[in-house]
Amino acid sequence: MRRFLQSLELFEDNERKKLAIFTSLTFSQKLSGLPPETVFQPLLKDNLVSKGIVLSFITDFFKEYLVDNSLDDLIALLKRGKIEDNLLDLFPIQKRTTEAFAEHFSKEGLGTLVEYNEKKMFDVKLKDMKSALTTLIAENADITEVIETVKQRHKESKLPDIEVVRILWDAIMDAVQWSGKNQQQNSNLALRQVKTWAKLLDSFCTTAKLQLEIMYKIQIQCYEDAKLMKLFPEIVRSLYDEEVLAEDTILMWFRKGGNPKGRQTFVKSLEPFVKWLEEAEEEE
């Protein structure tokens, strides 16, 4: 099989298509114990890829395999073949872009594969940005440098603003070196971290919607992390003082916030601060 695959350029188009279908059926119908790696790895020969022969072959393979199998089955097969993370390598080098991937497989009726790849690429961008930011924050990098890094990565990745805001909060809190079971020390660490990096949040929480998203992130983390459970009102107050959260945003969350996790508890704990805000507003 390896010899056939490495000699695909010697076959006519219709013969290559028959071989792709036959190869697909050997896996789809479990006709042999052939390891997927022995099929997919030989396809990565530069001369075959550059001529578009591999892309044509693998497209026919995918289409035939998905007749009787799910996309999850195909992805599992690609993982076993150690090619799931390198699907762009099947394209000629000048076409190795997510746009070319989407255009090609959409035209071939493989929209579900396009959606899978887009989600995978999206998740990779999220992970890379979060990892880079967590490292910078943990190393106490200059806040101006961090802001510029986020702006640059945001521009390059084209991630939605709301995803960037979520990443910022996660990175800030992931960088905290928690102190075991010392609750008071953990509380101090959390509040210090929020205050230290408030300017970073303020640079990107530029709308009421994004500010509200930060409040939801705080709500969920305080609900899920026992050491932060009682800190919700203090974190919100700190971000208000640092001008990250506007009064209208806080009141909107208090009156209409939609996330149910711990909401009753947090609404009650925030009541004194909200009352102070409302009284201050009336006096003005």
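Worth knowing before you read on, the calculation uses all heavy atoms, side chains too, and leaves out hydrogens, waters and symmetry mates.
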**Report entry** Gap separating the CD1 atom of I162 from the CZ atom of R166, nearest 0.5 angstrom
**Finding:** 4.5 Å

Query raised in the report: Just wondering, do T196 and I137 contact through their side chains at under 4.5 Å, heavy atoms?
Result: no

Report task. Keeping the roles fixed (side chain from T134, backbone from K130), state whether a donor-acceptor pair exists under 3.5 Å. Result -> yes

Query raised in the report: Do I75 and K79 come within less than 4.5 Å of each other through their side chains, counting heavy atoms only?
Result: yes

Query raised in the report: Is the gap between the ring centers of F204 and W197 under 6.0 Å?
Result: no

Report task. Side-chain contact test, heavy atoms from C-beta onward, threshold under 4.5 Å: evaluate it for L113 versus L66 and give yes or no. Result -> no

Query - Derivation and outcome, side chain to side chain donor-acceptor pair (under 3.5 Å), residues S179 and N186 - result: CA-CA 6 Å; S179 177; N186 283 330; 4.9 Å; no

Query - Under 3.5 Å: donor-acceptor pair, side chain of D73, backbone of S70 - result: yes

Query raised in the report: Atom OH of Y116 and atom CG of L110: how far apart are they, to the nearest 0.5 Å?
Result: 14.5 Å

Query - Approximate separation, where rounding is to 0.5 Å, of D248 CG and L212 CG - result: 11.5 Å

Query raised in the report: Between atom CG of D128 and atom CG of L133, what is the distance when rounded to the nearest 0.5 Å?
Result: 11.0 Å

Query raised in the report: In this structure, which one of K125, K120, K119, K127 forms a side-chain hydrogen bond (donor to acceptor under 3.5 Å, both in side chains) with D123?
Result: K119

Report task. Please check if the side chain of T249 supplies one atom and the backbone of L245 the other of a donor-acceptor pair under 3.5 Å. Result -> no

**Report entry** Criterion side chain to side chain donor-acceptor pair (under 3.5 Å) on W253 and Q211, from CA distance to verdict
**Finding:** CA-CA 10 Å; W253 177 90; Q211 291 177 24; over 6 Å; no

Report task. First locate atom CD1 of I218, then atom CE of M173, and finally report the distance between them rounded to the nearest 0.5 Å. Result -> 8.5 Å

Query raised in the report: Do F232 and Y223 come within less than 4.5 Å of each other through their side chains, counting heavy atoms only?
Result: no

Query raised in the report: In a check of side-chain contact (heavy atoms from CB on, under 4.5 Å) between L48 and each of L55, V54, L90, which one passes?
Result: V54

Report summary line: Closest non-hydrogen atoms of P160 and F122, given as atom of the first, atom of the second and distance, are CD-CE1, 3.7 Å

Query raised in the report: Between W276 and R237, is there a cation-pi geometry (under 6.0 Å to ring centre, at most 45° from the normal)?
Result: yes

Report task. Please report the C-alpha distance between F61 and F40 in whole Å, then the side-chain angles of each, then the deciding distance to 0.1 Å, and finally whether the ring-ring contact (aromatic ring centres under 6.0 Å, His included) criterion is met. Result -> CA-CA 11 Å; F61 178 101; F40 295 126; 5.5 Å; yes

**Report entry** Under the side-chain contact (heavy atoms from CB on, under 4.5 Å) test, residues paired with T207 that sit two or more places apart
**Finding:** K209, L210

Query raised in the report: Ignoring hydrogens and geometry, is there a side-chain-to-backbone donor-acceptor pair from S238 to I235 under 3.5 Å?
Result: no

Query - Pair listing, salt bridge (charged side-chain N to carboxylate O under 4.0 Å, His left out) test, anchored in residues 35-50, at least two apart - result: E37-K82

Query raised in the report: Taking only residues two or more places apart in sequence, or in another chain, which ones meet K107 in a salt bridge (Lys or Arg N to Asp or Glu O under 4.0 Å)?
Result: E103

Requested in this report: Look at atom CG of L10 and say whether more than 12 heavy atoms of other residues, nucleotides or ligands are closer to it than 6.0 Å.
Outcome: yes

Requested in this report: Tell me yes or no: between the side chains of E213 and W169, is some donor less than 3.5 Å from an acceptor?
Outcome: no

Query raised in the report: Looking at residues at least two apart in the chain, or sitting in another chain, which of them share a side-chain hydrogen bond (donor to acceptor under 3.5 Å, both in side chains) with D89?
Result: none

Query raised in the report: How about E12: does its CD atom have over 12 heavy atoms from other parts shown lying under 6.0 Å from it?
Result: no

Report task. Could you give me the CA-CA distance, side-chain angles and deciding distance for K151 and I147, then say whether side chain to side chain contact (heavy atoms under 4.5 Å, CB included) is met? Result -> CA-CA 6 Å; K151 286 181 178 178; I147 290 172; 3.8 Å; yes

**Report entry** Partners meeting salt bridge (Lys or Arg N to Asp or Glu O under 4.0 Å) with D72 (sequence neighbours left out)
**Finding:** none

Query - Inter- and intrachain pairs under ring pair (Phe, Tyr, Trp, His ring centres under 6.0 Å), touching residues 69-92, at least two apart - result: F91-F101, F91-H104, F91-F105

Query raised in the report: So does E156 have more than 12 non-hydrogen atoms from other groups sitting under 6.0 Å from CD?
Result: yes

Query - N/O donor-acceptor pair under 3.5 Å between N69 side chain and Y65 backbone - result: yes

Requested in this report: Begin from the C-alpha positions of K199 and D202 and carry the test salt bridge (Lys or Arg N to Asp or Glu O under 4.0 Å) through to its verdict.
Outcome: CA-CA 5 Å; K199 184 179 177 182; D202 184 48; over 6 Å; no

Report task. Kindly indicate, with the supporting measurements, whether the criterion side chain to side chain donor-acceptor pair (under 3.5 Å) is fulfilled by S24 and E64. Result -> CA-CA 6 Å; S24 172; E64 180 63 30; 5.5 Å; no

Query raised in the report: Short question: side chain of S56, backbone of I53 - any donor-acceptor pair under 3.5 Å?
Result: no

Report summary line: What one should report as the nearest heavy-atom pair of D60 and A20 is CB-CB, 3.7 Å

Requested in this report: With sequence neighbours left out, write down each residue that passes ring pair (Phe, Tyr, Trp, His ring centres under 6.0 Å) with F254, or none if nothing qualifies.
Outcome: none

Query raised in the report: By salt bridge (Lys or Arg N to Asp or Glu O under 4.0 Å), which residues pair with E9, not counting sequence neighbours?
Result: K51

Requested in this report: Please answer whether the main-chain N or O of P36 pairs with a side-chain N or O of R80 as donor and acceptor at a distance below 3.5 Å.
Outcome: no

Report summary line: Heavy-atom nearest pair, R96 first then L88, reads CG-O, 3.1 Å

Requested in this report: Output yes when E271 and K268 qualify as a salt bridge under the 4.0 Å nitrogen-oxygen rule, no when they do not.
Outcome: no

Report summary line: With sequence neighbours left out, the residues meeting side-chain hydrogen bond (donor to acceptor under 3.5 Å, both in side chains) with D161 are H154

Query raised in the report: Taking only residues two or more places apart in sequence, or in another chain, which ones meet K17 in a side-chain hydrogen bond (donor to acceptor under 3.5 Å, both in side chains)?
Result: none

Requested in this report: Count the heavy atoms belonging to other residues, nucleotides or ligands that lie under 6.0 Å from CD of E243, then report whether that count exceeds 12.
Outcome: no

Report task. Identify, with sequence neighbours excluded, every residue that meets ring pair (Phe, Tyr, Trp, His ring centres under 6.0 Å) alongside Y240. Result -> F273

Report task. Verify, without hydrogens or angle tests, whether E234 (side chain) and L191 (backbone) share a donor-acceptor contact under 3.5 angstrom. Result -> no

Query raised in the report: Got L168 and I214 here, is their nearest side-chain heavy-atom distance under 4.5 Å?
Result: no

**Report entry** Evaluation steps, salt bridge (Lys or Arg N to Asp or Glu O under 4.0 Å), between K217 and D170
**Finding:** CA-CA 8 Å; K217 288 291 291 183; D170 287 340; 3.0 Å; yes

Requested in this report: Rounded to the nearest 0.5 Å, what's the gap from CG on L8 to CG on L43? Could you check?
Outcome: 6.5 Å

Query raised in the report: Sequence neighbours excluded, which residues qualify as side-chain hydrogen bond (donor to acceptor under 3.5 Å, both in side chains) partners of T97?
Result: none

